[in-house]
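Chain letters run A, B, ... following the sequence lines, proteins first, then strands; residues in each count from 1.
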Amino acid sequence: MTWRMRGLAAGGVLAAAVTVSVVAAATEAEDHAADEIRRYRQMLEDGNPAELMEMKGEALWREARGPKGASLEACDLGLGPGVVAGAYAQLPRFFADTGRVQDTESRLVSCMVALQGFASAEATRDWYRPGSDLEALVTYVATQSKGAPIRVPVSHPEEARLLAAGGELFFRRSGPLDFSCATCHSQDQRRIRLQDLPNFLNPADARASMVTWPAYRVSQSAVWTMERRLIDCVRQMRWPEPAFGSEAIVALQVWLQHQGEGGELQSPGIKR
Amino acid sequence: MSVRRRLSGLVALTMLASSSMAGAAGSLTEAIVREAFATATPEEWRDRLAQDDAQALCSQHRNQPPPEVAAQILESQRATVRLPEDGRLMGDWRAGEKLAGIGTGGHIGRIQPDPPGRAKGGNCYACHVMAPGEVAAGNIGPTLTGYGRLRGNTPEMQRYTYEKIHNAQAFFPCSHMPRFGHNGWLSPKEIADLVAFLLDPESSVNAGR
């Protein structure tokens, strides 16, 4: 896998570039670091390590597994049974069979339970560990939406309810640091340390961010799905860990995807 | 410190649910929040999820409270400000400089919690440019380079700076800045060290240029 070797070499370049930048003046350093990350992304464009996850995910999608010995090929991700192309761009959405608005992660779990006979706890076990089955499946599904515009449906009453709730949750402050999502993500051109922060109240920023998920994270050596991203944001806010697939996490995604509507997916992205 | 925050999570939640202040808007999400954090302990609810008045009002108004609400928050938050019992507002600027760079502490959950006893700091550099030598500084808050050089370190300025770090919302309702003293995140001594980091003429914040 030569692309993987290139990825490791590029990691060294990035590390060196970041080390050098620390001794430079503030603005120069920021520009420099941003340039290096851009260059690093370009180098990896024809070989994002996330491709390994995509391949694993496709194999998991097609393989007969679980107590029922079935594949996921009949799974309905919202565009009809077995239709993967473009599905991620229109998730989360309401599903009549479960009576819930579901994101890619929770929908895949529903299919693993209904089609393959897995217990829910089994399907979600270690979902957050690098290389997990869910990480791979989400990467595969999202990659099949590359180039598709984000367009989440909000016409069903349940979708509309979660859209409204997601907007409220974005601003919900609590905890020992008084944080909400809006603390870091409601102003243009802001950074934590040197990390650029998207302003999700600004549609251009929201689009630019949402089209890059799920993303291979160099610092984590893993693909992070949107649930992984959001649950880690909640951890950084010093809140307890929200349940995987919970309505709160789905509602935030409905709102974020809605803010990023029209952006053409580039999944999988690559990030620091 | 605040008595309000020491209420049990359940009591606080009941108060929130029945409070007219929270309004219809807030109640839409609170049921969703309860479901998402069903496994949180009562202590976690109390300290990390239940909202006090300022948090609830700032959430409801999306950090842009109308004037009368802003005045209400200002008044309630001013009433919480406590100066250190020993009266020392300026501590050790080097200790403050260290605290300004510490962003760890207080993370919980099973995925990536902090190990017990992990140092907790002010993490000022996440949001503020401070000493010119530290280039990895964020910009959610204003630049504080030369803070003391520009303002002096009179007793009034010491007091203002201490109170601002203790409870930013006693000055700016719904400020993004954590209420470090009010919420018990930093001790009075730690806040005094940060005041010194900002105001001491010898501090790296005020050195050079």
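Panel note: side chain A:R190, backbone B:N139; a donor-acceptor pair is recorded below 3.5 Å. Looking only at distances, no side-chain donor or acceptor of A:D178 sits under 3.5 Å from a matching main-chain atom of B:P178. Panel note: side chain B:Q55, backbone A:G175; a donor-acceptor pair is recorded below 3.5 Å.
Enclosure of atom CD in B:E202 is not indicated, since only 12 or fewer non-hydrogen atoms of other residues, nucleotides or ligands lie within 6.0 angstrom. No more than 12 heavy atoms of other residues, nucleotides or ligands lie within 6.0 Å of CZ in B:R159, so this atom counts as exposed by the packing criterion. Crowding of A:Q220 atom CD: a count of heavy atoms from other residues, nucleotides or ligands under 6.0 Å exceeding 12. Under a cut-off of 6.0 angstrom, the local environment of NZ in B:K120 is crowded, with over 12 non-hydrogen atoms contributed by other residues, nucleotides or ligands. In B:R88, the CZ atom is not crowded: 12 or fewer heavy atoms of neighbouring residues, nucleotides or ligands sit closer than 6.0 Å. Remark: B:E68 CD is packed, more than 12 non-hydrogen atoms of other residues, nucleotides or ligands lying under 6.0 Å away.
With a 4.5 angstrom heavy-atom cutoff, A:Q195 does not touch chain B via any of its atoms. With a 4.5 Å cut-off on non-hydrogen atoms, B:Q169 touches chain A through its side chain but not through its backbone. In this structure, no portion of B:T41 lies under 4.5 Å from any heavy atom of chain A. In this structure, chain B has heavy atoms under 4.5 Å from both the backbone and the side chain of A:E247.
Highest contact tally toward chain B, considering only A:P242, A:A182, A:S246, is held by A:P242 [criterion: heavy-atom pairs under 4.5 Å]. Ranked by heavy-atom pairs shorter than 4.5 Å toward chain A, the options B:A36, B:A40, B:G109 are led by B:A36. Among the candidates A:T183, A:I249, A:L197, the residue making the largest number of heavy-atom pairs closer than 4.5 Å to chain B is A:T183.
Taking each heavy atom of A:P240 and B:R48 in turn, the nearest pair found is CD-CB, 3.8 Å.
Checked against disulfide (SG to SG under 2.5 Å), B:C58 has the following partners two or more places apart in sequence or in another chain: B:C174.
Between A:L169 and B:V33 the shortest side-chain heavy-atom distance falls below 4.5 Å. Proximity of B:I108 to A:R235: side-chain heavy atoms (C-beta onward) are nowhere separated by under 4.5 Å. B:W185 has its side chain within reach of A:R238: a pair of non-hydrogen atoms, C-beta onward, lies under 4.5 Å apart. Between B:T39 and A:E241, every side-chain heavy-atom pair lies at or beyond the 4.5 Å cut-off. A:F171 is not listed as a side-chain neighbour of B:T29, based on a closest heavy-atom distance of 4.5 Å or more. No side-chain heavy atom of B:N123 sits under 4.5 Å from any side-chain heavy atom of A:L177. In this structure the side chain of A:F179 never reaches within 4.5 angstrom of the side chain of B:H176, judged on heavy atoms. For the pair B:D47/A:P176, no side-chain contact is recorded, criterion being any heavy-atom separation below 4.5 Å from C-beta on.
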For this session: Tell me, with the steps shown, if B:F37 and A:V234 meet side chain to side chain contact (heavy atoms under 4.5 Å, CB included).
Result: CA-CA 11 Å; B:F37 299 98; A:V234 173; 4.1 Å; yes
Problem set entry | Working for side chain to side chain contact (heavy atoms under 4.5 Å, CB included), residues A:R173 and B:N63 | CA-CA 10 Å; A:R173 299 180 74 162; B:N63 296 322; 3.0 Å; yes
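Here the straight-line distance linking atom CD1 of B:I32 with atom CZ of A:R172 works out to 11.5 Å at 0.5 Å rounding. Taking CD1 of B:I111 as the reference point, atom CG of A:D232 lies at 7.5 Å (rounded to 0.5 Å). To the nearest 0.5 Å, the span separating CH2 on B:W45 from OG on A:S174 amounts to 8.5 Å.
Between A:E168 and B:R62, no side-chain nitrogen of the basic residue sits less than 4.0 Å from a carboxylate oxygen of the acidic one, so the salt-bridge criterion is not met. B:E134 has a carboxylate O that lies under 4.0 Å from a charged side-chain N of A:R193, or vice versa, which qualifies the two as a salt bridge.
Heavy-atom neighbours of chain B within the stretch residues 154-165 of chain A, taken at a separation under 4.5 angstrom, comprise A:R161, A:L162, A:A164, A:A165.
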